[in-house]
Amino acid sequence: MPSLVAASKPIASRLANLLSLRSISPRSRCPLPRPQSAPIVRRSPLPPPPMAIPRAAPMSSIAVDNEVGLAGKFWIKSRRESLFAMYTPFALRLAAGNLEIDGFRHYIAQDVYFLKAFAQAYELAEECTDDDEANIAISKLRKDVLEELRMHDSFAQEWGSEDTKESTPNSATVRYTDFLLATASGKVEGVKGPGKLATPFERTKVAAYTIGAMTPCMRLYAFLGKEFQALLDANKDSHPYKKWIDNYSSEGFQAAALQIEDLLDKLSVSLTGEELDVIENLYHQAMKLEIEFFLAQPLAQPTVVPLIRDPSLAANRLMLFSDFDLTCTVVDSSAILAEIAIVTAPRTDTIQSESQLARMSSAELRKTWDILSRQYTEEHEQCIESILPAEKAEAFDYEALAKALEQLSDFEKRANSRVIESGVLKGLNLEDIKKAGERMILQDGCTSFFKKLIKNEMVHVNVHVLSYCWCGDLIRSAFSSGDLQLLNVHTNELTFDESFSTGEIVKKMESPIDKAKTFDEILKTKDHDKRNLTIYIGDSIGDILCLLKADIGIVIGSSSSLRKVGSQFGVSFVELYPGLVEKQKEYSEGSSADWKGSSGILYTVSSWAEIHAFILGW
C-alpha cells in the first residue's frame with residue numbers, strides 16, 4: 001500500500017482538502033461534507049451557538065457576508081482584539097463597578113488628552129475631502145467628541161478628579177495620539193505622503209486612512225458600552241460608573257459608531273486593493289493601541305484577570321487539562337483516520353500481495369463507515385435520552401451524574417468494539433497518520449495559547465491532553481507541528497505491524513469515567529508541596545466529569561447534549577465574562593480569587609481567544 005507521502009496526486013489532494021476546511025465553523029459540529037468524505041463515528045452534528053455578540057465565534061471561522069461594508073469586515077476580523085480589550089483588568093473592574101476612584105480619575109484624565117487629539121484628527125480629515133456629505137458627517141462626529149469632552153469635565157467635577165487640562169499623558173496615550181495625528185497628516189508608515197501639490201483623490205485617500213484609524217475606537221466603545229450595560233443589575237442603581245456605561249451604550253453613541261463606519265465605507269469606494277490593505281493595517285494597529293491604552297491604566301487593587309498573575313499561583317502549580325477533538329481541532333480525528341483509510345485503500349479490482357495486510361476496498365470501507373456512523377448517531381441520541389432523570393435536580397448532584405454516565409460509558413465501549421471488529425482501521429500507514437496530524441487544522445488561537453502558556457516564566461505549568469482519539473500519534477503530530485512537544489497526551493493507541501495498523505486499538509480512554517480516573521491519577525502523581533489549581537477545557541458530554549472536578553471548568557462551544565444532561569443534574573452554565581465580573585465583585589485587596597472544584601458551575605466560551613484573555617491576558 002502506498003504511503004500518503006508517495007500517494008497518487010488525487011489521493012493526496014483529497015486528504016489535503018479535508019485538512020484545510022477553513023470554511024467550516026469549528027462550532028458548527030458538522031465536520032465533514034458528504035458523500036465524498038468519510039462519515040464521523042464519534043459525535044452527531046450539533047447546532048451552532050445562539051449568540052450574536054463578537055465573542056460568539058473564532059475570527060477565522062466567520063464567513064463575512066458580501067453585503068457587510070468594509071468597516072464591518074474589519075470589525076469582524078478584529079473580534080479577537082475586542083475580547084482582549086474587554087478582558088483587560090481595567091475594563092473588568094470598570095464593568096464590575098469596583099474600579100478604585102483614583103483609577104477612574106486617571107483614566108478620565110488620559111482620555112481627555114486622547115479625545116482632544118481625536119477631535120484634531122477629525123478636523124484634519126475634514127480638510128482633506130471635498131465631498132459635502134462626508135464633510136457634514138465628519139463635522140457632526142467632531143461635535144460629538146467635543147460633547148464627550150464636556151461629559152468628561154462633568155465626571156471630573158462629580159468625582160473630584162485632578163485637573164484634566166494639566167494632566168500628563170502616559171506613554172501609551174502618547175503612542176496612540178501620535179499615531180492618529182501622524183495618519184491624519186498623511187504620514188502613514190510604508191506609504192508615500194501626498195505632498196504639497198496633492199490631487200483631490202490623494203487628499204481623499206488621506207481622509208480615508210484617517211477615518212480608518214479612528215473607527216476602531218468608536219466601534220470598540222459602542223461594543224463595551226452594550227456589553228457592560230447587559231451586566232447591570234436592573235434592580236439596582238448603585239453602579240458607580242453607570243453614567244459612563246449609559247453614555248457609551250446610548251442610542252446616540254451607537255448611531256455615531258455606525259455613522260463613522262458608513263463614512264469609512266464611503267471614502268474607500270474608489271481605493272485600490274493595496275490602499276484598502278493600508279486601511280486594514282491602520283484599523284488593526286488602532287485596535288492594538290486601544291488595548292495598550294487600557295493596560296496602561298494603573299490599578300491599586302487585585303483583579304481576577306489575567307489568572308496567571310494571581311499572587312497565590314506564584315508558589316503553586318497550574319494544571320491545565322484539555323480535550324482534543326473539536327475542542328482543539330476543527331475536524332474530528334475519527335474523520336481524519338477514516339479518510340486516510342478510504343483514500344489509501346485498494347480499489348475493488350486491485351489484487352493485494354500476500355505480504356500486505358488484507359484490507360477492504362475503498363468502496364467497502366465507505367459503506368462500512370456509513371453503517372457505523374448511522375448506528376453510532378442513533379444509539380448515542382437514544383443513550384443520552386435514557387440517562388436523563390425524569391425531573392430536574394434541585395441541586396448539583398455529581399454522584400448521580402457519574403452513576404448515570406456509566407450507561408454512556410458502556411455504549412462508547414461497545415461502539416469502539418464494533419469499529420475494531422469491522423476492520424476499518426486495518427492497514428493505515430503510520431507515516432500517513434503523522435503527515436495528516438501535521439496538517440490538521442487546530443482551532444483559531446489554540447496553538448498560540450498553548451505556546452504562550454508553556455513559555456511563561458511566572459507560573460509553573462503542566463499541560464495534559466485527555467482524548468478519546470483512537471491514535472495518539474495523530475495528536476502528537478498535530479501539536480508537534482506547532483512546536484508543542486511538551487504537552488502530555490493521554491489517549492488510545494493503534495497497534496502497528498511494521499508501520500501498518502493491525503486494526504486493533506489499545507484502549508486507554510473510552511468514556512467520561514475513564515477521563516475522570518485519568519484526571520485523578522495525574523493529580524496524585526504530583527508533589528504535594530504545592531497546591532494545584534486545575535483547569536479543564538472541553539466541549540462535549542465526554543468531558544463533563546473532568547470539567548466538574550477541575551477548579552475551573554471551561555466549556556468551549558455549545559454542545560446540546562452536554563448542556564441537556566448537565567442541566568438535568570443541577571449543573572449551571574455561566575458565560576465566562578459575566579462570571580468573572582461577579583468574581584471581581586467578591587475580590588478584595590490582599591485576597592485571591594476563590595476557585596473551587598465540584599461547585600457545579602461551568603464557564604462557557606466560544607473561542608480560544610476568551611480562554612487566552614482570561615488565563616494569560618494580552
Under a plain distance cut-off of 3.5 Å, with no hydrogens placed, do [Y] and [X] share a side-chain donor-acceptor pair?
X: T368; Y: S422; answer: no
X: S409; Y: E406; answer: no
X: Q407; Y: S386; answer: yes
X: N532; Y: K526; answer: no
X: Q382; Y: E378; answer: no
X: S78; Y: K288; answer: no
X: Y603; Y: E610; answer: no

*asked:* ring-ring contact (aromatic ring centres under 6.0 Å, His included) for W608 and F450? Distances and angles first, verdict last.
replied: CA-CA 10 Å; W608 279 90; F450 280 122; 5.4 Å; yes
Any Lys/Arg nitrogen of [X] or [Y] sitting under 4.0 Å from an Asp/Glu carboxylate oxygen of the other?
X: D551; Y: K596; result: no
X: K515; Y: D543; result: yes
X: K426; Y: E504; result: no
X: E385; Y: K564; result: yes
X: D473; Y: R476; result: yes

query: Where do F396 and F569 land on the ring-ring contact (aromatic ring centres under 6.0 Å, His included) test, with the steps shown first?
result: CA-CA 6 Å; F396 170 55; F569 286 93; 9.2 Å; no
